[in-house]
Engineer: 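Input: one structure, supplied below.
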Amino acid sequence: MQAYKMVLVQLAISFVLFLIGLLISGTVSLSLGVGSLIVVLVNFIFATIVFRKSGAQAALEIKKAFNFGESLKLMLAAVLMAFAFIVLPVQGAPLLIGYSIIVLSQWFAPLIIK
């Protein structure tokens, strides 16, 4: 399924960001990794909720699942961000950069996945 392929691409990009962060420092690496993995996790959950059903017969159920999934995705991202800032020894800028890079990777999904 295309959505899961995109999540795998995002996971690969997250790993690359983690490795790049290691060139700077362990804290930067952790921050980039956590920020990017937040997006990967919430996108995986979203894809799982929305794409359980398919076909024209399930159009209304898919619409409801999409709305629920999007709401859950936003709330879960906010909770995970707060958790990361409160509990983990992360730096704000690298965490947000990692998060942003993975979110931006969705824009290029049509170029990456065919």
Side-chain angles (χ1 to χ4, degrees):
M1 187 179 282
Q2 300 291 49
Y4 290 117
K5 287 180 184 177
M6 186 60 208
V7 171
L8 285 175
V9 168
Q10 290 175 334
L11 187 59
I13 296 169
S14 296
F15 184 69
V16 170
L17 286 174
F18 175 79
L19 293 177
I20 291 170
L22 283 176
L23 298 173
I24 301 168
S25 77
T27 305
V28 169
S29 181
L30 176 67
S31 302
L32 286 169
V34 168
S36 60
L37 287 177
I38 288 172
V39 181
V40 172
L41 178 63
V42 297
N43 282 342
F44 176 78
I45 292 169
F46 175 79
T48 301
I49 290 170
V50 173
F51 297 110
R52 281 185 291 187
K53 307 231 181 206
S54 63
Q57 300 291 341
L60 185 57
E61 291 179 48
I62 293 170
K63 181 182 177 221
K64 288 179 184 177
F66 183 88
N67 291 334
F68 174 74
E70 191 63 31
S71 298
L72 181 64
K73 183 172 123 173
L74 292 172
M75 287 188 293
L76 190 56
V79 167
L80 290 172
M81 279 280 193
F83 178 81
F85 280 119
I86 293 168
V87 176
L88 300 174
V90 295
Q91 295 177 355
L95 187 135
L96 294 173
I97 289 169
Y99 184 91
S100 300
I101 288 172
I102 301 303
V103 168
L104 290 174
S105 73
Q106 296 170 0
W107 293 1
F108 300 103
L111 301 173
I112 298 168
I113 297 174
K114 295 180 183 186

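Because the structure is a prediction, the values reported are computed rather than measured.
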Engineer: Mind checking whether Tyr99 and Phe85 sit in one hydrophobic cluster, side chains of I, L, V, M, F, W, Y counted as touching below 4.5 Å?
Structural biologist: yes
Engineer: Hey, quick one: are Ile20 and Val103 part of the same hydrophobic cluster, counting side-chain heavy atoms closer than 4.5 Å, chains of contacts allowed?
Structural biologist: no
Engineer: At their closest point, which heavy atom of Ala84 faces which heavy atom of Leu95, and how far apart are they?
Structural biologist: CB-CD1, 3.9 Å
Engineer: Hey, quick one: are Val39 and Phe66 part of the same hydrophobic cluster, counting side-chain heavy atoms closer than 4.5 Å, chains of contacts allowed?
Structural biologist: yes
Engineer: What distance separates Leu41 CG from Leu11 CG, expressed to the nearest 0.5 Å?
Structural biologist: 10.5 Å
Engineer: Nearest heavy-atom pair of Leu32 and Gly98: which atoms, and what distance?
Structural biologist: CD2-N, 3.7 Å
Engineer: What residue among Ile38, Ile86, Leu76, Val90 forms side chain to side chain contact (heavy atoms under 4.5 Å, CB included) with Met81?
Structural biologist: Ile38
Engineer: Show the nearest heavy-atom pair for residues Ala65 and Val50, with the distance to one decimal.
Structural biologist: O-CG2, 3.7 Å
Engineer: Got Leu72 and Phe46 here, is their nearest side-chain heavy-atom distance under 4.5 Å?
Structural biologist: no
Engineer: Give a yes or no answer on whether the side chain of Ser31 reaches the backbone of Gln91 with a donor-acceptor pair at less than 3.5 Å.
Structural biologist: yes
Engineer: Shared ILVMFWY cluster between Leu74 and Leu37, side chains joined below 4.5 angstrom?
Structural biologist: no
Engineer: Do the non-hydrogen side-chain atoms of Lys5 and Val9 ever get within less than 4.5 Å of each other?
Structural biologist: no
Engineer: Measure the shortest side-chain to side-chain distance between Ile101 and Ser36 over non-hydrogen atoms and say whether it is less than 4.5 angstrom.
Structural biologist: no
Engineer: Clusters formed by hydrophobic residues whose side-chain heavy atoms approach within less than 4.5 Å: which one holds Phe18, and what are its other members?
Structural biologist: Phe15, Leu19, Leu22
Engineer: With rounding to the nearest 0.5 angstrom, report the CD1 to CG distance, Ile97 to Leu104.
Structural biologist: 11.5 Å
Engineer: Which is it for Asn43 and Met6 under the side-chain contact (heavy atoms from CB on, under 4.5 Å) test, yes or no, and what are the steps along the way?
Structural biologist: CA-CA 9 Å; Asn43 282 342; Met6 186 60 208; over 6 Å; no
Engineer: In terms of heavy-atom contacts, does OH of Tyr4 have more than 12 from other residues, nucleotides or ligands at under 6.0 Å?
Structural biologist: yes
Engineer: Flag yes if Val34 and Leu23 sit in one hydrophobic cluster, no otherwise; membership is Ile, Leu, Val, Met, Phe, Trp, Tyr, and two members link when side-chain heavy atoms are under 4.5 Å apart.
Structural biologist: no
Engineer: Please check if the side chain of Ser105 supplies one atom and the backbone of Ile102 the other of a donor-acceptor pair under 3.5 Å.
Structural biologist: yes
